[in-house]
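From a predicted model like this one, the values you see are computed outputs, not experimental measurements.
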Amino acid sequence: MRHKLVIGNWKMNGNRAANTALLSGIVAGLNDFGADCAVCVPAPYLAQCQAELAGTPVAWGAQDVSIHAGGAYTGEVSAAMLQDFGATYVLCGHSERRAYHHESNALVAQKAVVALAAGLAPVVCVGESLAEREAGRTDEVICAQLQAVLDAIAPEAVANVVLAYEPVWAIGTGKTATPQMAQQAHRSLRACLANKHAGAAVAVKILYGGSMKPENAKELMAQPDIDGGLIGGAALKSSDFLGIIQAV
């Protein structure tokens with residue numbers, strides 16, 4: 001049985017004082033809720049996370065990684081730098097990176113390869129737009145996004161990948177992804193995984209990233225193929241983040 005995983009994505013939020021309050025609140029409130037948890041933070045705060053979370057049950061990671069090992073790439077952050085600060089996870093292909101920075105499926109796949117080579121767990125984000133959902137192309141789009149990664153990595157590496165399904169159409173549109181809709185997308189992703197490596201398909205965690213909150217977390221995570229959450233806004237308040245973890 002897959003162990004649940006809840007990852008908080010702080011996006012471009014935080015300051016040192018607020019981070020300390022948030023992290024201490026999460027650590028203090030954690031009990032044996034039956035889920036692993038982590039925070040993916042802006043790169044400048046990785047050192048703070050390393051200092052404040054070392055020895056706690058909370059892991060930490062980054063929101064992006066460069067495909068380059070080093071050199072003249074101003075503004076980029078390499079996998080080795082993330083390793084240097086004890087990162088466990090790194091987001092690859094978050095919907096905002098795909099939309100605002102025009103990251104292609106091929107580039108996201110390269111980032112996953114680099115992360116895996118460094119011993120980091122890539123959290124590969126996939127999701128369809130409202131137009132794609134309404135055109136009935138959900139499975140086609142998300143499986144193509146995933147397939148680009150699967151084509152780039154060895155079959156035995158698949159088990160080290162974490163997936164996150166983000167229904168872009170349900171974020172800020174007033175439309176709602178029901179637990180059943182989310183489950184259908186997760187089931188499709190698992191079927192795509194099975195075509196690459198049947199054993200890994202059973203083991204890989206697929207997180208739901210469509211505005212999970214304490215109020216809907218329990219019903220979402222009761223679905224057979226939803227293995228946790230990639231949490232945005234609710235990850236910035238310790239009580240909400242803990243409420244989602246407790247829902248497991």
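The closest side-chain heavy-atom distance from Leu230 to Val6 is not below 4.5 Å. Side-chain atoms of Val204 and Val162, non-hydrogen and from C-beta on, never get closer than 4.5 Å to each other. In this structure, the side chains of Leu163 and Leu207 stay at 4.5 Å or more apart for every pair of heavy atoms. Between Tyr208 and Pro167 the shortest side-chain heavy-atom distance falls below 4.5 Å. Taking the side chain as every heavy atom from C-beta outward, Leu46 and Gln50 never approach each other to under 4.5 Å. Using a 4.5 Å cut-off on side-chain heavy atoms (C-beta onward), Leu22 and Trp10 make contact.
Atoms CE and CD1, from Met221 and Ile244 in turn, are 7.0 Å apart once rounded to the nearest 0.5 Å. Taking CG of Leu82 as the reference point, atom CH2 of Trp60 lies at 12.5 Å (rounded to 0.5 Å). Note that CD1 of Ile7 and CG of Asp36 are 9.5 Å apart. Values are rounded to the nearest 0.5 Å. Gln147 contributes atom CD, which lies 11.0 Å from atom CG of Leu189 (distance to the nearest 0.5 angstrom). A distance of 7.5 Å separates CD1 in Ile226 from NZ in Lys4, rounded to the nearest 0.5 Å. For the atom pair OH of Tyr45 and CZ of Phe85, the computed distance is 14.0 Å after rounding to the nearest 0.5 Å.
The backbone N or O of Ala148 sits nowhere less than 3.5 Å from a side-chain atom of Asp151 that would complete a donor-acceptor pair. Formation of a donor-acceptor pair under 3.5 Å by the His94 side chain with backbone atoms of Glu96 is found in this model. Judged by distance alone, with hydrogens and angles left aside, the side-chain atoms of Gln145 form a donor-acceptor pair with the main-chain N or O of Gly127 at under 3.5 Å. In this structure a side-chain-to-backbone donor-acceptor pair under 3.5 Å is missing from Lys196 to Ala154. Within the 3.5 Å criterion, the main-chain N or O of Ala80 finds no donor-acceptor partner in the side chain of Asp84.
Under the 4.5 Å side-chain heavy-atom criterion for grouping Ile, Leu, Val, Met, Phe, Trp and Tyr, Val124 is connected to Met212 within one hydrophobic cluster. Each of Leu91 and Val158 belongs to its own hydrophobic cluster when Ile, Leu, Val, Met, Phe, Trp and Tyr are linked at side-chain heavy-atom distances under 4.5 angstrom. Under the 4.5 Å side-chain heavy-atom criterion for grouping Ile, Leu, Val, Met, Phe, Trp and Tyr, Ile153 is not connected to Val123 through any hydrophobic cluster. Criterion: ILVMFWY side-chain heavy atoms under 4.5 Å apart, direct or through other members. Under it, Val126 and Leu5 are not part of a common hydrophobic cluster. Residues Leu130 and Ile142 are members of one and the same hydrophobic cluster, defined by side-chain heavy-atom contacts under 4.5 angstrom among Ile, Leu, Val, Met, Phe, Trp and Tyr.
Each of Leu242, Val248, Leu30 was checked for a side-chain contact (heavy atoms from CB on, under 4.5 Å) with Cys37, and the lone residue meeting it is Leu30. When Lys205, Arg2, His3, His186 are each tested for a side chain to side chain donor-acceptor pair (under 3.5 Å) with Asp227, only one passes: Arg2.
Of all heavy-atom pairs between Cys49 and Val41, the closest is SG-CG1, 3.7 Å. Closest of all the heavy-atom pairs between Cys92 and Val65 is SG-CG1, 4.5 Å. When all heavy atoms are compared, the tightest approach of Ala43 to Val77 is CB-CG2, 4.2 Å. Nearest heavy-atom pair, Ser66 versus Glu76, reported as atom, atom and distance to 0.1 Å: OG-OE1, 3.0 Å. Across Asp240 and Ala234, no two heavy atoms sit closer than the pair CB-O, 3.4 Å. Nearest heavy-atom pair, Val58 versus Ala38, reported as atom, atom and distance to 0.1 Å: CG1-CA, 4.2 Å.
The closest side-chain donor-acceptor pair between Thr20 and Glu52 falls under 3.5 angstrom. When only modelled atom types and interatomic distance are considered, Thr178 and Gln183 share no side-chain donor-acceptor pair under 3.5 Å. When only modelled atom types and interatomic distance are considered, Glu128 and Tyr165 share a side-chain donor-acceptor pair under 3.5 Å.
No salt bridge links Asp139 with Arg187; every basic N to acidic carboxylate O contact stays at or beyond 4.0 Å.
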Extract all donor-acceptor atom pairs below 3.5 Å that involve side chains of residues 105-115 and protein atoms in other chains or at least two apart in sequence.
{"from": "Asn105", "atom 1": "OD1", "to": "Arg98", "atom 2": "NH1", "distance (Å)": "2.8"}
{"from": "Lys111", "atom 1": "NZ", "to": "Asp64", "atom 2": "OD1", "distance (Å)": "2.7"}
{"from": "Lys111", "atom 1": "NZ", "to": "Asp64", "atom 2": "OD2", "distance (Å)": "3.3"}
{"from": "Lys111", "atom 1": "NZ", "to": "Glu103", "atom 2": "OE2", "distance (Å)": "2.7"}

Note to self: Determine whether Asn195 and Leu150 satisfy the following criterion, side chain to side chain contact (heavy atoms under 4.5 Å, CB included), listing intermediate values before the conclusion.
What the structure shows: CA-CA 10 Å; Asn195 290 332; Leu150 296 180; over 6 Å; no
Item checked: Steps toward side chain to side chain contact (heavy atoms under 4.5 Å, CB included) verdict (Arg190, Ile206) -> CA-CA 8 Å; Arg190 204 169 299 283; Ile206 308 179; 3.6 Å; yes
Check: Passes side chain to side chain contact (heavy atoms under 4.5 Å, CB included), Glu132 versus Trp169? Steps please.
Finding: CA-CA 9 Å; Glu132 290 163 341; Trp169 58 272; over 6 Å; no
Notebook entry, point to check: Yes or no on side chain to side chain contact (heavy atoms under 4.5 Å, CB included) for Cys40 and Tyr89, after CA distance, side-chain angles and deciding distance?
Noted result: CA-CA 7 Å; Cys40 284; Tyr89 299 98; 4.2 Å; yes
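Counting non-hydrogen atoms of neighbouring residues, nucleotides and ligands closer than 6.0 angstrom, the NZ atom of Lys11 exceeds 12 such neighbours.
The side-chain contact (heavy atoms from CB on, under 4.5 Å) test applied to Pro179 returns Glu219, Leu220, Gln223, not counting sequence neighbours.
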